[in-house]
Protein chains: 2
Amino acid sequence: MNTRDHLVDLGEAAMRQNGYGGFSYAHLAKQAGIRKASIHHHFPAKADLGLAVLDRYADRLVTALNDIKSTSRTGAQALQACVTLYRTALDDSNGMCLCSALAADRAILTEPMKQMLDRANRKVIAWLESVLLLGRQDRSIVVPGLPADDAVAVLAQLQGAQLLAKASGHMALFNTAMSSIQARMSRS
Amino acid sequence: MNTRDHLVDLGEAAMRQNGYGGFSYAHLAKQAGIRKASIHHHFPAKADLGLAVLDRYADRLVTALNDIKSTSRTGAQALQACVTLYRTALDDSNGMCLCSALAADRAILTEPMKQMLDRANRKVIAWLESVLLLGRQDRSIVVPGLPADDAVAVLAQLQGAQLLAKASGHMALFNTAMSSIQARMSRS
DNA sequence: ATATCTCTACCGACTAGTAGGTTGACACGG
DNA sequence: CCGTGTCAACCTACTAGTCGGTAGAGATAT
């Protein structure tokens with residue numbers, strides 16, 4: 001397997017678990033079975049690795065969301081699949097959505113990373129807005145107020161639920177924190 | 001002014017802005033106009049300072065919430081004041097609720113800090129539950145499902161809104177992320 | 001076929017700087 | 001004289017990043 005891709009994999013896991021400032025090249029090197037200097041060969045600076053991780057993550061997230069939308073029959077189905085996606089991420093990588101994990105470390109991110117983080121968040125919000133709009137049309141989701149505002153509220157709840165679950169070490173808390181979203185969806 | 005209290009002040013600000021791993025004794029010493037060793041005199045280990053900060057913060061938060069409840073006439077009034085509290089914290093300290101700021105760093109927290117963090121979160125959730133219950137009785141808040149579950153959902157949304165606002169550097173996003181909470185409250 | 005050249009991936013040893021933490025001495029007020 | 005608070009100097013471990021160099025694969029030239 002490609003060493004570079006392997007490093008991006010490990011870097012993503014590390015960042016999702018401990019944030020950008022929470023892992024080191026030395027730590028990563030040990031995991032990859034490689035020397036620190038060799039990581040610098042692939043990613044001259046830590047920010048280069050961070051950007052590569054973020055870039056690939058954003059791509060994958062947008063693709064996953066688009067897949068969900070194209071295979072869902074109702075808005076509620078799409079929103080439910082999205083909630084499940086965030087829940088699964090919590091279990092799989094024992095870490096959060098990169099966007100939430102990086103928010104705390106924003107002060108030490110490079111400008112390109114900040115911009116990419118913003119773009120990723122905006123894309124997710126736009127997707128949620130379109131799903132809420134669809135759900136309002138097909139009467140599968142109750143949408144109070146403007147879908148554009150509500151989309152931000154839903155994302156906040158998704159990320160906050162991950163935060164709360166991780167802070168308590170109690171992953172089931174994620175589902176509880178999603179209760180008010182579930183209540184707004186008609187069961188299919 | 002008491003040096004020890006001053007250090008707790010500075011430590012709280014640092015932790016809320018950059019998390020537990022995001023500040024150092026050297027950094028703190030410079031701010032306090034004191035040497036690193038002197039900080040160790042007051043707080044032998046960083047974890048001691050962290051615990052002191054968290055302890056005082058939890059106390060103050062619970063007190064503030066209880067004050068809100070005793071001066072509010074309706075559930076909606078209390079909830080609105082709570083939302084304002086979280087919003088103000090975002091501006092004042094340019095940082096988040098400690099509970100959210102520490103969630104990302106949970107891996108490097110000591111056991112006592114983790115326990116205190118959990119206790120603080122549970123207290124806020126219990127407070128929110130009582131407010132939702134009150135709001136349902138006086139018909140000032142729409143509560144779908146169990147108040148106990150909804151309380152967790154509201155806290156997730158509060159913390160997620162702070163996260164999102166901070167990640168984007170756009171504090172106004174907090175208000176947008178609260179839209180669906182506002183929609184559930186009858187205007188007084 | 002063999003010598004040369006080039007490139008990728010890797011590594012050991014190093015740098016300057018920072019992390020949290022320790023020690024022993026000095027000042028000062030009760 | 002004793003407790004409190006402060007300090008300079010120091011320590012070990014770790015941070016990101018640099019340096020010169022090596023092993024091997026593939027192409028090219030003779």
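Per chain, numbering begins at 1; letters A, B, ... match sequence-line order.
Under the side-chain hydrogen bond (donor to acceptor under 3.5 Å, both in side chains) criterion, A:Asp9 pairs with A:Arg56, sequence neighbours left out. When the side chain to side chain contact (heavy atoms under 4.5 Å, CB included) test is applied to A:Ala107, the partners found at least two apart in sequence or on another chain are B:Asn18. In this structure A:Tyr25 satisfies the ring pair (Phe, Tyr, Trp, His ring centres under 6.0 Å) test together with A:His40, sequence neighbours excluded. With sequence neighbours left out, A:His27 forms a side-chain hydrogen bond (donor to acceptor under 3.5 Å, both in side chains) with A:Gln31. Taking B:Arg35 as the reference, nothing meets the salt bridge (Lys or Arg N to Asp or Glu O under 4.0 Å) condition, with sequence neighbours excluded. Contacts of A:Lys46 classified as salt bridge (Lys or Arg N to Asp or Glu O under 4.0 Å), with partners at least two apart in sequence or in another chain: none. Qualifying side-chain hydrogen bond (donor to acceptor under 3.5 Å, both in side chains) partners for A:Ser130, counting only residues two or more places apart in sequence or in other chains: A:Lys69.
When DNA chain D is scanned in the 5' to 3' direction for atoms under 4.0 Å from non-hydrogen atoms of chain A, the outermost contacting nucleotides are D:dT15 to D:dT18.
Comparing the end axes of the helix from C:dA1-D:dT30 to C:dG30-D:dC1, each fitted to five base pairs by superposing C1' atoms of four pairs onto the next four, gives an inter-axis angle of 10° (nearest 10 degrees).
Listed by first then second residue, pairs satisfying salt bridge (Lys or Arg N to Asp or Glu O under 4.0 Å) with a partner in residues 126-153 of chain B read B:Asp150-B:Arg184, not counting sequence neighbours.
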Please evaluate residues A:Met15 and A:Tyr57 with respect to the criterion side chain to side chain contact (heavy atoms under 4.5 Å, CB included), reporting the C-alpha separation (whole Å), side-chain torsions for both, the decisive distance (0.1 Å), and the verdict. CA-CA 11 Å; A:Met15 283 168 65; A:Tyr57 173 82; over 6 Å; no
For nucleotides 13-30 of chain C, give me one character per nucleotide, 5' to 3': B if any protein heavy atom sits under 4.0 Å from the base, S if the only such contacts are to the sugar-phosphate, - if neither. ------SBBBB-------
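An OP1 or OP2 oxygen of C:dA9 is reached within less than 4.0 angstrom by no side-chain nitrogen or oxygen of A:Thr3.
Salt bridge annotation for B:Asp118-B:Arg106: present, with a cationic side-chain nitrogen under 4.0 angstrom from a carboxylate oxygen.
Heavy-atom distances under 4.0 Å link DNA chain C to no residue of residues 101-117 of chain B.
Although no hydrogens or angles enter the test, the distance criterion places a donor-acceptor pair under 3.5 Å between the side chain of A:Gln162 and the main chain of A:Tyr86.
Counted by atom type alone, A:Ser180 and A:Gln157 present one or more donor-acceptor pairs between their side chains at under 3.5 Å.
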